[in-house]
Number of protein chains: 2
Amino acid sequence: MKKILVVDVGGSNVKLMISADEKRRKFRSGPKLAPEETIAQIKEVAADWDYDAVALGFPSAVRDGKILKEPKNLGKGWVDYDFGKALGKPVRVINDAALQALGSYDGGARTLFLGLGTGLGSAVAWEGHVLSLELGFLPYINEGILEDQLGEAGMERIGKKDWRREVTRAITQLKIAFIADQVVLGGGNAKLIEELPEGVILGHNRNAYPGGLRLWEMQADGKTSKWQIL
Amino acid sequence: MKKILVVDVGGSNVKLMISADEKRRKFRSGPKLAPEETIAQIKEVAADWDYDAVALGFPSAVRDGKILKEPKNLGKGWVDYDFGKALGKPVRVINDAALQALGSYDGGARTLFLGLGTGLGSAVAWEGHVLSLELGFLPYINEGILEDQLGEAGMERIGKKDWRREVTRAITQLKIAFIADQVVLGGGNAKLIEELPEGVILGHNRNAYPGGLRLWEMQADGKTSKWQIL
């Protein structure tokens, strides 16, 4: 079986995992992070780790393993970037919230994944399917979008108390809008929500690791496996 | 092959279709419409039509053919109501926007269906799948929900000009949020939008008819067909 390195690219940090147990490693990310620098840092940070292939979770729209547009909270140059060539290993790319969903989903109920970090990650999962979404772009107050309120910049602008109220209301309504049985809340800011609404649970960022394994269990065409990434 | 009667339950009218060509029939709906009255009217309006089974599109959350909650814009008593027993024919129930999606989707691209009527209908379709949604409940301005602005009552409150602007902005952002290649706009008020944003087309309510046929082509468990209704 292949040994998989899982890389979770976020707006504040890039996290690297080589197994379910071993301590995660990370390096700083930010609004200027470009793919070349990311690859150089991955090579350095994971230099003593042995791996055959990479699963990369990325905070923008991804379909069929291709990044569809430049991320809102990182630098430029990601669309069409050839990660495999740069890293010298096969790389599969998936939306970051979809990676969490793929690793966390345990069958049964329809589950909505929301990631509260620099931006707002989102995916919905049900039996054998993960549909990645970009709910941060939903229309919202002041002619803006939902991420303006729920993301890191929103929290800093409106303050933690109002941000908590906004997040709670948004989660409650999103759960109804997606006819979801459950909401899993992940991302670095999830722990700041003190009272979770009914049907909402906290996720674990380490679930990105089993997500990466599942991603590599799939056939290359993504269609003959028991999982469809949509 | 079974002869199917398709019934599209809306907030203003209930539409009945017996074929792709024959003129639709309808009767008035409204905030007090109950299932008993609906069945009585269906029997009367379709008295001279011959049919073996019924496909019923319904404006509320439906899963596995069951209405999950009372509709926002009709009367009460719909959850657990036994349509088949009341009508004396087998009845399959599906969300009304999902019925449109099932009848209109022609393969390929990811398509978001939005129905502008009394409320806001919604479903997303891609290869072999229709996922019904309740996007009217998305959090929106003034501590309210999206349907408050985009539905019929919203149009009356804010006026057609502002309503058009709201609808256009919402569609544009929803298309991004669902990573949709296309938006199909249906419902009685769709024709009031004069300039459709790029990637948005008008649907045809008569697509409910082929949607009903497809619904009855499925196996009873909904799983072995080429369509999954989610």
Side-chain angles (χ1 to χ4, degrees), chain A residues 60-64 66-69 72 95 97-98 109-110 112 120-150 162 165-181 222-223 228-230, chain B residues 60-64 66-69 72 95 97-98 109-110 112 120-150 162 165-181 222-223 228-230:
Chain A
S60 181
V62 177
R63 193 184 296 173
D64 300 330
K66 303 231 174 293
I67 295 173
L68 298 184
K69 61 178 185 182
K72 196 157 172 273
N95 170 266
R110 189 186 290 187
L112 180 65
L120 175 67
S122 53
V124 59
W126 64 96
E127 210 183 317
H129 297 77
V130 175
L131 179 71
S132 79
L133 297 164
E134 290 265 277
L135 299 185
F137 288 93
L138 285 174
Y140 203 52
I141 57 177
N142 302 329
E143 305 277 305
I145 59 176
L146 191 60
E147 186 174 293
D148 295 342
Q149 298 292 111
L150 270 49
D162 284 358
R165 202 197 55 227
E166 287 279 336
V167 169
T168 302
R169 187 174 98 87
I171 296 170
T172 304
Q173 293 307 123
L174 285 167
K175 183 170 180 286
I176 300 171
F178 281 87
I179 317 172
D181 302 290
K223 291 195 174 158
Q228 283 192 303
I229 311 300
L230 303 159
Chain B
S60 181
V62 176
R63 193 184 295 172
D64 300 330
K66 302 231 175 293
I67 295 173
L68 298 184
K69 61 178 185 183
K72 197 155 172 276
N95 170 266
R110 190 187 290 186
L112 180 65
L120 175 67
S122 53
V124 59
W126 64 96
E127 211 183 317
H129 298 76
V130 175
L131 180 70
S132 79
L133 298 163
E134 291 265 277
L135 299 185
F137 288 93
L138 286 175
Y140 203 51
I141 57 176
N142 301 330
E143 305 277 307
I145 59 176
L146 192 59
E147 186 174 292
D148 295 342
Q149 298 292 111
L150 270 49
D162 284 358
R165 202 197 56 227
E166 287 281 336
V167 169
T168 302
R169 187 173 98 88
I171 296 171
T172 303
Q173 293 307 123
L174 284 167
K175 182 170 180 285
I176 300 171
F178 281 87
I179 317 172
D181 302 288
K223 292 201 173 153
Q228 283 193 305
I229 311 299
L230 303 160

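Chain letters run A, B, ... following the sequence lines, proteins first, then strands; residues in each count from 1. Because the structure is predicted, anything quoted here is derived from the model rather than measured.
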For A:R165 and B:E143, the nearest pair of non-hydrogen atoms, with its separation, is NH2-OE2, 4.3 Å
When the 4.5 angstrom heavy-atom criterion is applied to B:S132 and chain A, the contacting part is both
Heaviest contributor of heavy-atom pairs below 4.5 Å to chain A, chosen from B:I176, B:I141, B:I179, is B:I179
Here the pair of heavy atoms bringing B:A170 nearest to A:P139 is CA-CG, 3.9 Å
**Message:** Can you tell me how the ring of A:H129 sits relative to the ring of B:H129, calling it parallel under 30°, perpendicular over 60° and tilted otherwise?
**Reply:** perpendicular
Measuring only between side-chain heavy atoms, which start at C-beta, is A:F178 closer than 4.5 Å to B:L133? yes
message = With a 3.5 Å distance limit and no angle check, can you tell me whether B:Q173 reaches the backbone of A:L138 through a side-chain donor-acceptor pair?
response = no
